[in-house]
Q: 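Quick one: this structure, given as structure tokens, is what I'll be asking you about.
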Protein chains: 2
Amino acid sequence: MAGDSRAQRPPERTGPCARWPADKGDTIRQIVERAGDKWAVLVIGALENGPVRYKDLQHSVPGISQRMLTHTLRQLRRDGLVTRTAYPEVPPRVEYALTALGTTLLDAVTALIDWAGTHHDEITRNRARFDSEAAGR
Amino acid sequence: MAGDSRAQRPPERTGPCARWPADKGDTIRQIVERAGDKWAVLVIGALENGPVRYKDLQHSVPGISQRMLTHTLRQLRRDGLVTRTAYPEVPPRVEYALTALGTTLLDAVTALIDWAGTHHDEITRNRARFDSEAAGR
DNA sequence: CCGTATCCTTGGAGATACTG
DNA sequence: CAGTATCTCCAAGGATACGG
């Protein structure tokens with residue numbers, strides 16, 4: 001009916017894809033993407049062995065800018081993955097640490113990194129082959 | 001006069017952070033980021049139960065654009081995670097399927113999704129608390 | 001039906017300077 | 001020392017139209 005020439009942008013949500021819980025889908029995606037976020041993963045990794053100060057984090061995660069460090073820490077705090085503790089001293093000292101929840105995420109991410117490490121060579125070979133076939137052929 | 005007014009992006013690599021293998025670091029990161037890539041994960045999930053045609057993938061992954069579907073499939077093929085099979089018929093038919101390697105990645109990603117599902121409520125609560133504290137206070 | 005090529009918008013992310 | 005505010009740039013991603 002009503003021949004809508006141009007399907008008017010159905011506000012279709014990400015949709016019931018395959019297997020995941022559709023209701024929580026949005027949040028789940030955000031969380032998974034956090035695990036794929038370069039800076040978030042690096043920061044979490046840097047906190048592995050206990051509390052670290054802001055400044056030290058900048059050194060532990062070399063390429064990161066202040067902006068991104070602050071931003072990432074805020075996200076992680078918001079999700080309850082890290083805690084922030086400010087000591088009322090001079091000079092000011094602030095320490096960040098993983099929560100229990102954060103530690104479990106680190107474990108999950110570590111599993112993924114292990115997978116990547118295990119198949120690293122195979123994937124590199126696959127890419128080389130694919131590229132040469134695409135180019136040369 | 002070589003006036004590089006603006007420090008020209010030192011090609012500083014991501015650097016020896018924390019714990020991962022520094023040599024393979026770059027590739028590892030790319031692979032992990034693939035697991036955090038929304039579309040890649042959704043496409044892989046859609047391929048879980050055997051080969052799927054291009055057109056059907058568009059429906060299985062609702063929000064995706066042709067551009068991104070094609071692009072994602074190309075990446076996944078390049079890494080050797082999916083295969084492409086074109087049947088010389090009319091109308092043309094092309095099927096994509098997970099490789100053995102792709103299946104193992106799906107497992108790893110599924111673990112992460114499970115983690116997200118398990119802690120979904122807790123994280124949602126954390127966020128709500130954080131936001132209300134930040135705003136109200 | 002299966003893609004590729006093109007245009008265009010948006011926000012992610014770096015550099016810099018300033019405040020508590 | 002620990003952050004915030006502001007500017008800018010670029011590339012990821014959506015819409016669209018066309019080619020095989």
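Below, chain A is the first sequence line, B the second, and so on; all start at residue 1.
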Q: Which pairs pass side-chain hydrogen bond (donor to acceptor under 3.5 Å, both in side chains) with one or both residues in residues 50-59 of chain B, sequence neighbours excluded?
A: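 Every side-chain hydrogen bond (donor to acceptor under 3.5 Å, both in side chains) pair that includes a residue of residues 50-59 of chain B, provided the two are not neighbours, is B:Tyr54-B:Thr70.
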Q: Compute both the distance and the angle, then confirm whether A:Arg78 meets the cation-pi test with B:Phe130: under 6.0 Å from the six-membered ring centre, within 45 degrees of the axis.
A: no
Q: Send over the distance from A:Arg77 CZ to D:dG3 C1', rounded to a whole Å.
A: 11 Å
Q: So if I take every side-chain heavy atom of A:Arg74 and compare against D:dT4, D:dG14, C:dG14, which nucleotide ends up nearest?
A: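 Closest nucleotide to the A:Arg74 side chain: D:dT4.
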Q: Nearest-Å distance, OH (B:Tyr87) to C1' (D:dG20)?
A: 20 Å
Q: If I take atom CD in residue A:Glu33 and atom P in nucleotide D:dA12, what distance separates them, rounded to the nearest angstrom?
A: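 To the nearest whole Å, that distance equals 15 Å.
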Q: Using the test side chain to side chain donor-acceptor pair (under 3.5 Å), find all partners of B:Arg74 that sit at least two apart in sequence or belong to another chain.
A: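 So B:Arg74 forms no side chain to side chain donor-acceptor pair (under 3.5 Å) with any residue.
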Q: To the nearest Å, how far apart are B:Leu69 CG and D:dA12 P?
A: 18 Å
Q: With rounding to the nearest 0.5 angstrom, report the CG to CG distance, B:Leu101 to A:Asn126.
A: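 The CG atom of B:Leu101 sits 6.5 Å away from the CG atom of A:Asn126.
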Q: CD of A:Gln58 versus P of D:dA2: gap in Å, rounded?
A: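 Going from A:Gln58 (CD) to D:dA2 (P), I get 8 Å.
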Q: Whole-Å distance between C:dC8 C1' and B:Met68 CE?
A: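 After rounding, the reported distance stands at 14 Å.
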Q: Tell me whether the side-chain N/O atoms of B:Arg93 come closer than 4.0 Å to OP1 or OP2 in C:dC2.
A: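 Checking B:Arg93 against C:dC2: no side-chain N or O falls below 4.0 Å of OP1 or OP2.
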Q: In whole Å, I'd like the distance from the CD1 atom of B:Ile64 to the P atom of D:dG14.
A: 8 Å
Q: Got a second to check how far B:Met68's CE is from B:Asp37's CG, nearest 0.5 Å?
A: 8.5 Å
Q: Heavy atoms from C-beta onward define the side chain here; which of D:dG3, D:dG20, D:dC1 lies closest to that of A:Arg53?
A: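 Comparing D:dG3, D:dG20, D:dC1 against the side chain of A:Arg53, the answer is D:dC1.
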Q: Taking the nucleotide of DNA chain D with the closest heavy atom to each, which residue, A:Lys55 or B:Asp37, is nearer the 5' end?
A: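 Looking at the nearest nucleotide for each, A:Lys55 comes out on the 5' side.
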Q: By the 4.0 Å heavy-atom rule, please label A:Tyr96 as base, sugar-phosphate, or nothing.
A: sugar-phosphate
Q: May I have the distance from A:Glu89 (atom CD) to C:dG20 (atom C1'), rounded to whole angstrom?
A: 16 Å
Q: How many angstroms lie between CD in A:Glu122 and OG1 in A:Thr124, if you round to the nearest 0.5 Å?
A: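 The OG1 atom of A:Thr124 is 10.0 Å from CD of A:Glu122, to the nearest 0.5 Å.
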Q: Within the sub-3.5 Å range, which N or O atoms of nucleotides 5-7 of chain C have a protein N or O partner, and how far apart are they?
A:
{"from": "C:dT6", "atom 1": "O4", "to": "B:Arg67", "atom 2": "NE", "distance (Å)": "3.4"}

Q: Can you measure from OG1 (B:Thr27) to NE2 (A:His119) and round to the nearest 0.5 angstrom?
A: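 So the gap between those two atoms works out to 14.5 Å.
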